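Encoded as structure tokens, the structure appears first; notes follow it.
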Amino acid sequence: MSARSPVREQAPAIRRALLRWYDAHQRPLPWRRTPANAYHVWISEIMLQQTRVAAALDHYRRFLKKFSSVRALARASEADVLAVWSGLGYYRRARMLHAAASTIVNDHGGRLPQNEGQWRALPGIGRYTAAAIASICLHARTAVVDGNVERVLHRLTGKRFRPEGLWKAANDLLAPRRPGDFNQSMMELGALVCTPKSPACKECPLFRWCATRGEHRAQRKESRRRIVAAYALAQRKDRVWLVQRPYDHSLMAGMWELPETVARGEPCLRLKHSITNTDIAVSVFRARPARSSRGKWVRAADAVDLPLTGLTRKILRRVGLL
DNA sequence: TACACGTGGCG
DNA sequence: TCGCCAAGTGT
């Protein structure tokens with residue numbers, strides 16, 4: 001934007017161009033087929049937090065098949081919810097989702113929140129998610145700001161915003177009659193066109209208003225931690241020995257994994273794995289279960305119903321047990 | 001406020 | 001190959 005044409009003055013034209021583009025180019029995602037179903041949209045929004053659409057699709061379908069309503073979700077055990085969530089990461093999301101479902105059923109008679117503030121009060125629902133659900137399902141005139149919206153606004157205006165300025169800018173641009181579609185169109189644009197690296201400016205519906213036209217934002221590099229880890233793979237017929245992470249441990253509490261061991265001899269498997277900002281060089285050794293480890297023999301076929309850590313799933317798949 | 005929290009795919 | 005990153009939230 002030039003200094004003489006602030007986004008606010010151009011907002012109507014920008015909205016129209018953006019929504020027109022969205023109507024033509026949006027991806028046919030399953031939760032977009034039922035925008036009035038707040039339970040569906042809620043599940044999708046939680047799954048999509050810091051998670052790519054492609055990674056969430058399978059889990060979304062399986063989750064709704066297993067927990068088709070907020071009552072079904074509230075009825076389930078946390079372990080069952082985590083088992084379906086297994087592989088998606090950020091497991092606290094699943095715990096908070098489950099807790100929120102219990103609150104809705106126990107304290108509100110199973111009736112989903114009817115406004116943004118009520119959504120915001122539930123665990124796992126912050127400013128972004130409350131606004132997303134309220135705008136999509138309740139037609140509330142409230143804008144969202146996520147990583148996509150931040151990048152789009154930053155490039156479109158050429159300005160640097162403080163966090164509150166970002167929310168204000170998004171709300172100034174919001175299409176008042178289609179808030180849910182507008183919010184999704186901003187994120188869709190960020191995901192498909194105005195991407196972090198090499199944005200497709202030639203295809204951008206906002207090109208004519210854009211101040212930067214593809215300037216990429218400076219990115220800070222974060223040093224990653226590197227560690228090594230060794231796991232013991234003990235098998236008895238079709239069963240494998242798994243141990244449960246302690247519940248007082250915040251990281252993946254209560255989830256199941258192979259027991260750790262001391263590296264000795266030649267591993268039967270080597271692989272790399274990353275969690276958050278730690279890179280792990282993993283070795284897996286054939287072994288007998290240690291007497292001290294609290295665990296159990298699990299049939300490989302039953303392991304899929306346990307809340308396994310992502311690394312454990314990866315190992316079991318790699319050795320052909322899953 | 002800065003940091004912890006998972007994972008798989010892509011350039 | 002490997003570093004970067006994706007529809008955030010809670011503390």
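Everything quoted here is computed from the prediction, not taken from an experiment. In what follows, chains carry the letters A, B, and so on, assigned in the order in which the sequence lines appear, proteins first and then strands, with residues in each chain numbered from 1.
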*Would you classify Arg162(A) as touching base, sugar-phosphate or nothing, given that sugar-phosphate means primed atoms plus P, OP1 and OP2, and contacts are heavy atoms under 4.0 Å?*
nothing

*For dT7(B), does either OP1 or OP2 sit under 4.0 Å from a side-chain N or O belonging to His273(A)?*
yes

*According to a strict under-4.0 Å criterion, is Arg245(A) in side-chain N/O contact with OP1 or OP2 of dG6(B)?*
no

*Between the base of dT7(B) and the side chain of Arg52(A), is there any donor-acceptor pair under 3.5 Å?*
no

*What integer number of Å spans the P atoms of dG6(B) and dT11(C)?*
14 Å

*Can you tell me how far P of dG8(C) sits from CG of Asn183(A), to the nearest Å?*
13 Å

*Just checking Trp85(A): base, sugar-phosphate only, or nothing, at a heavy-atom cut-off of under 4.0 Å?*
nothing

*asked:* Base, sugar-phosphate or nothing for Ile125(A)? Non-hydrogen atoms, less than 4.0 Å.
replied: sugar-phosphate

*Could you go through the side-chain contact (heavy atoms from CB on, under 4.5 Å) check for Val53(A) and Tyr60(A) one step at a time?*
CA-CA 10 Å; Val53(A) 165; Tyr60(A) 177 80; over 6 Å; no

*Starting from P on dG6(B), measure out to NE2 on His59(A) and report it in whole angstrom.*
14 Å

*asked:* Judged by each residue's nearest nucleotide on DNA chain B, which is more toward the 5′ side, Tyr90(A) or Lys314(A)?
replied: Tyr90(A)

_Touch class at under 4.0 angstrom, heavy-atom based, for Ser44(A) against every strand present_ = nothing

*Between Pro123(A) and Leu48(A), which is nearer to the 5' end of DNA chain C once each is assigned its nearest nucleotide?*
Leu48(A)

*Between P of dC5(B) and CD1 of Ile280(A), the distance in whole Å*: 11 Å

*Should Tyr128(A) and Val145(A) count as side-chain neighbours, where that means a heavy-atom distance under 4.5 Å?*
no

*asked:* Closest approach to the side chain of Pro196(A), judged atom by atom: which nucleotide of dG6(B), dA6(C), dT9(C) is it?
replied: dA6(C)

*asked:* Under 4.0 Å from OP1 or OP2 of dG6(B): is there any side-chain N or O of Thr51(A) that close?
replied: no

*What is the nucleic acid contact for Leu29(A), judged by heavy atoms within less than 4.0 Å: base, sugar-phosphate only, or nothing?*
base

*Within this structure, what is the CG-to-P distance between Leu122(A) and dT9(C), rounded to whole angstrom?*
12 Å

*Of all the heavy-atom pairs spanning Ala229(A) and Glu260(A), show the shortest one and how long it is.*
CB-OE1, 4.2 Å

*asked:* If I take atom NZ in residue Lys197(A) and atom C1' in nucleotide dC4(C), what distance separates them, rounded to the nearest angstrom?
replied: 5 Å

*For Gly87(A), which contact category applies under a 4.0 Å heavy-atom criterion: base, sugar-phosphate, or nothing?*
sugar-phosphate

*asked:* What is the separation between atom CZ on Arg93(A) and atom C1' on dT7(B), rounded to the nearest whole Å?
replied: 9 Å

*Whole Å only: how far is the NZ atom of Lys272(A) from the C1' atom of dT7(B)?*
17 Å

*Between Arg141(A) and Ser135(A), is a side-chain contact (heavy atoms from CB on, under 4.5 Å) present by the stated rule, with each step listed?*
CA-CA 6 Å; Arg141(A) 294 182 179 180; Ser135(A) 65; over 6 Å; no

*Verdict with reasoning, Phe207(A) to Lys202(A), per side-chain contact (heavy atoms from CB on, under 4.5 Å)*: CA-CA 8 Å; Phe207(A) 182 81; Lys202(A) 266 180 69 178; over 6 Å; no

*Identify whether any heavy atom of Met96(A) sits under 4.0 Å from a base atom; if not, whether one sits that close to sugar-phosphate; answer base, sugar-phosphate or nothing.*
sugar-phosphate

*Select one nucleotide: of dT9(C), dT7(B), dC2(C), the one nearest the side-chain heavy atoms of Met252(A).*
dT7(B)

*Within the distance-only criterion (no hydrogens, no angle test), does the side chain of Thr51(A) pair as donor or acceptor with the backbone N or O of Leu48(A) below 3.5 angstrom?*
no

*Whole angstrom is fine here: how far is it from CE in Met187(A) over to C1' in dA6(C)?*
12 Å

*Out of dG8(C), dT7(B), dC2(C), which nucleotide sits closest to the side chain of Gln49(A)?*
dG8(C)

